[in-house]
Each structure stands twice: as C-alpha cells, then as structure tokens.
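Counting starts at 1 for both ligands and their atoms, in listed order. One-based numbering along the sequence shown.
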Amino acid sequence: MRKLLIKGGQVVFADEVKAADILLENGKIAKIGKNLKADGAEVIDAAGLTVFPGLIDMHVHLREPGFEYKEDIASGSAAAVAGGFTQVCCMPNTDPVCDNAAVVGYIAARAKEVGLCKVHPIGAITRGEKGETLSEMGKMKDAGAVAVSDDGKPVANARMMRLAMEYASDFGLICLSHCEDKDLVDGGVVNEGYNSTLAGLKGIPRAAEEIMLAREIILAETLHKRAHICHVSTKGGVQLLREAKARGVQVTAETCPHYFTLTDDVVTSFDANTKVNPPIREAEDVAAIKEGLRDGTLDCIVTDHAPHHVDEKNVEYNLAAFGISGIETSFSLSYTYLVKGGVLSLSELADRMSAAPARILHLEGGKIAEGEVADLMLADLNAEYVIDSKKFVSKGKNTPFGGMKVSGKVLCTIVDGDVKYRA
Ligand code: DOR
Ligand code: ZN
Ligand code: ZN
C-alpha cells in the first residue's frame with residue numbers, strides 16, 4: 001500500500017479552512033482528522049502550510065504535436081505541477097490540429113508516459129480549426145477528449161457554432177468558445193482606448209469579444225444547450241453573462257490572471273510580453289472581472305498558458321505572437337490579488353481554480369474529502385517572492401509579470417497520492 005501522511009497543515013475545504021491531517025492511501029484520500037498516525041506512511045510536514053485541492057486548469061496550450069520548440073507535453077506538465085496543477089486541459093491548436101481521435105490518443109498517451117499531471121485533450125470543433133466542417137467529436141470523446149474548442153480562432157460562422165453545440169451535446173461534450181469577431185479586430189494588437197492611441201498601436205474594441213459572447217449566449221439559450229466562454233476580459237462580457245445566468249441560460253465562463261491584475265497601461269512599455277488575445281483591458285474591466293469572480297458570474301480561473309519562443313516575442317509589437325506563459329504564476333497572482341486583495345476567501349479561490357473546472361468538465365478532483373482522489377497542492381501563503389521568468393520550468397519565458405513581488409508559493413504537488421513536485 002502506498003501511504004502518504006500530510007501532517008499539521010491548514011486544509012482548504014469547500015466551506016471552511018481548518019487544521020487537519022490527511023492520510024492518502026493508494027491514490028485516494030483515505031482519512032482526514034486530528035493527530036492521524038499511519039504505520040509505514042511517508043510523512044510530509046505541512047506545519048505552516050496550506051493544503052489546497054490540486055489545481056485544475058481547463059485552458060492551456062501544450063504545443064505538442066508540432067510546436068515543441070515553444071513547449072511540449074513533458075515541459076508543460078513539469079511547469080503545471082510546479083504551478084500547483086494536478087490536471088490540465090490542452091487546446092487543439094497544434095500541428096496537426098487535434099481534430100481527430102489519433103491526435104487526441106497521442107496526447108493522452110504521451111502525457112501518461114510523462115506521468116506528472118493529468119492531461120486532458122480538447123478536440124477541435126471544426127476540422128483543422130478551419131470553421132468549415134465539424135470534427136468527429138464522438139471518436140475524439142472515446143479517445144479521451146473532455147471538450148471541444150477551436151481556441152486560438154473563433155468559429156466565425158454562427159450556423160457552424162449552432163451545429164457544433166447540438167452535435168457536441170450528443171456526446172456529452174461542451175463547446176469552449178474563443179469569442180472574437182475578426183472583422184472588428186481588423187489587425188488590432190492591444191485594447192482599443194487611450195493607451196492604444198498613446199502608443200500608436202492598433203486597437204481591438206471590446207465589441208469584438210462581446211458580440212460573439214452574446215451570440216454564444218443566444219445560441220445556448222435558444223438551443224437549450226451548454227456553452228462555455230473562454231478568457232472573458234471585458235466589463236460588458238461579465239454583464240452579459242450575469243444577465244444570461246439570471247435567466248437560467250446554461251453558460252459558464254472563465255477568466256485569466258492577466259485580466260484581473262493588469263491594465264493596458266502596460267502596453268506603453270512596448271514589451272511584447274504584454275501582447276495577448278483578448279488584450280489586457282482597462283481599470284473598469286479589471287474591477288468587473290474581479291466582481292464577476294466574486295459573485296460567481298465567472299466560474300473559474302484558467303491560465304490560457306500560451307508559451308512562445310523568445311524569437312516570437314523579441315520583435316516589434318505588431319509582429320509578436322499573442323500569448324502569456326502563465327501556468328507558473330497563476331496561483332501566486334490569484335492568491336495575491338484576489339485573496340489578499342479581499343475579493344475571494346481561500347475556499348472560494350479553491351472553487352475557482354479547482355472545483356469549478358471539475359464541475360464544468362465532469363472531471364474527478366476539486367475537493368478535499370474522504371474517498372476523493374488524492375490530488376493536492378501545498379502552498380506557503382506567507383512566502384513572498386519576485387517573479388523571475390528565468391526560473392520558469394516552462395520553455396515559454398513570455399510573462400508580463402517579471403519583477404513583480406507576489407505572495408503564496410507552491411511548495412508541493414501531489415497527483416494520485418504521489419509527490420510530483422517539491423520546491
Ligand atoms: O493570446 C493567445 N494565445 N490567445 C489565443 O487565443 C491563442 C493563444 C496561443 O495559442 O498562443
Ligand atoms: Zn483563445
Ligand atoms: Zn487559449
């Protein structure tokens with residue numbers, strides 16, 4: 001029997017935080033209580049530490065197959081466990097696109113071989129993410145896909161999205177929508193507003209995101225299907241979602257740390273590490289995103305971990321790739337800005353970063369209770385450190401957070417009862 005005893009930590013349960021020991025046996029949480037003893041168990045001293053359910057990131061880019069120079073399943077998995085994540089779901093904008101059972105099966109098999117975190121592939125909605133014909137969703141589901149998305153690109157044609165929502169639901173899959181009206185984006189690279197004018201960079205209006213977000217809400221509502229909105233960045237998007245949820249529309253949504261920590265003031269630095277799609281918005285958007293996370297309008301926090309090679313960022317702003325390497329900074333940024341910032345409790349943070357994505361995608365995990373899977377993360381909430389991309393495990397060093405002082409350090413990540421990361 002594999003046994004691990006986590007002693008003396010503060011444990012984040014769904015509705016309270018309290019001191020408890022946790023005994024893990026054969027990949028499950030066997031017992032939770034005071035002064036637990038277990039013969040032959042390896043003991044982890046968690047005194048002064050906080051024990052969270054293993055974090056789950058339902059939106060990452062692992063880049064394999066095809067773009068292994070940016071990231072691969074091994075480096076991405078290692079970065080994930082260093083960030084406190086026990087499960088990640090990877091987007092299909094690879095080369096070849098993950099639009100068939102063979103690629104889904106390859107990713108799942110390679111991730112098992114790597115054996116760090118659990119990796120759940122997301123299949124493409126349309127073949128080649130071209131928006132023309134639906135992919136074989138049933139076969140991808142059988143091979144291990146947990147959702148479908150054309151992320152990186154919108155599904156431009158509303159009829160195609162309608163068909164996708166209907167078809168996906170036949171297989172118990174949900175469409176994750178990258179909301180972007182490309183005609184309105186029209187080559188923009190940053191948020192459209194004062195700072196885009198100041199910097200002389202072409203702006204992306206909020207409407208480019210909100211029009212498609214509204215479309216997805218209307219489709220989900222009229223079809224009585226589920227839909228999930230990727231990386232919400234605007235105040236108007238949060239309002240649309242709040243109203244839709246109040247009407248009972250089956251819509252869920254995610255946001256990312258860069259949308260509740262930064263404003264587009266950062267683009268006047270011309271640092272291409274601030275270039276991300278959708279773009280970093282303004283103060284009133286940041287406030288609305290925080291309020292959306294607080295009241296549950298935004299269900300979960302994802303990273304949209306988008307590693308790129310330095311040569312794809314170290315170019316002029318207009319030419320740089322969109323994306324932030326975010327999986328190793330998500331917990332610290334979320335803890336610092338949301339918990340220390342008075343927006344969420346620790347239990348609510350665990351919900352947004354673990355339980356909620358598990359609910360949306362019907363994954364195991366997300367809570368600390370006897371009988372649950374032994375996926376856990378230990379953090380020192382009092383530890384402060386300065387973010388340094390040179391220390392990233394990910395191949396992608398592209399972060400706008402370098403030099404920022406944050407609190408809350410991931411020290412240990414446990415997957416299926418085995419320690420997969422120790423700082
Ligand atoms: O910034 C982004 N990067 N947004 C996306 O939608 C795609 C992603 C990527 O794949 O690099
Ligand atoms: Zn996207
Ligand atoms: Zn993405």
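Summary: ND1 is the N/O/S atom of His178 found nearest to the Zn ion (ligand 2). For Asp304, the N/O/S atom at the shortest distance from the Zn ion (ligand 3) is named OD1. Taking the N/O/S atoms of Asp151 in turn, the shortest distance to the Zn ion (ligand 3) belongs to OD2.
Between Lys70 and His309, the side chains place no donor N or O within less than 3.5 Å of an acceptor N or O (distance only, hydrogens not considered). Counting only N and O atoms by type, the side chains of Thr234 and Arg281 include no donor and acceptor under 3.5 Å apart.
Inclusion of Phe322 in the set of residues having an N or O under 3.5 Å from an N or O of ligand 1 is warranted. Checking only distances, Gly323 does come within under 3.5 Å of ligand 1, N or O to N or O.
At a threshold of 2.8 Å, the Zn ion (ligand 2) has no backbone or side-chain N, O or S atom of His59 nearer than that distance.
Only the side chain of His308 comes within contact range of ligand 1, with a heavy atom under 4.0 Å; no backbone atom does. Neither the backbone nor the side chain of Ile324 has any atom closer than 4.0 Å to an atom of ligand 1 (non-hydrogen atoms only).
Annotation: atom 7 (C) of ligand 1 to nearest protein heavy atom, Gly152 CA, 3.8 Å. Looking only at protein heavy atoms, the nearest one to atom 11 (O) of ligand 1 is Arg63 NH2, 2.8 Å. Protein heavy atom at the shortest distance from atom 6 (O) of ligand 1 is His178 CE1, 2.9 Å. Among all protein heavy atoms, the one lying closest to atom 1 (O) of ligand 1 is Asn277 N, 3.0 Å.
Using a 4.0 Å cut-off between charged side-chain N and carboxylate O, Glu166 and Arg162 make a salt bridge. With respect to Lys395 and Asp72, a salt bridge is recorded, a charged nitrogen being found less than 4.0 Å from a carboxylate O.
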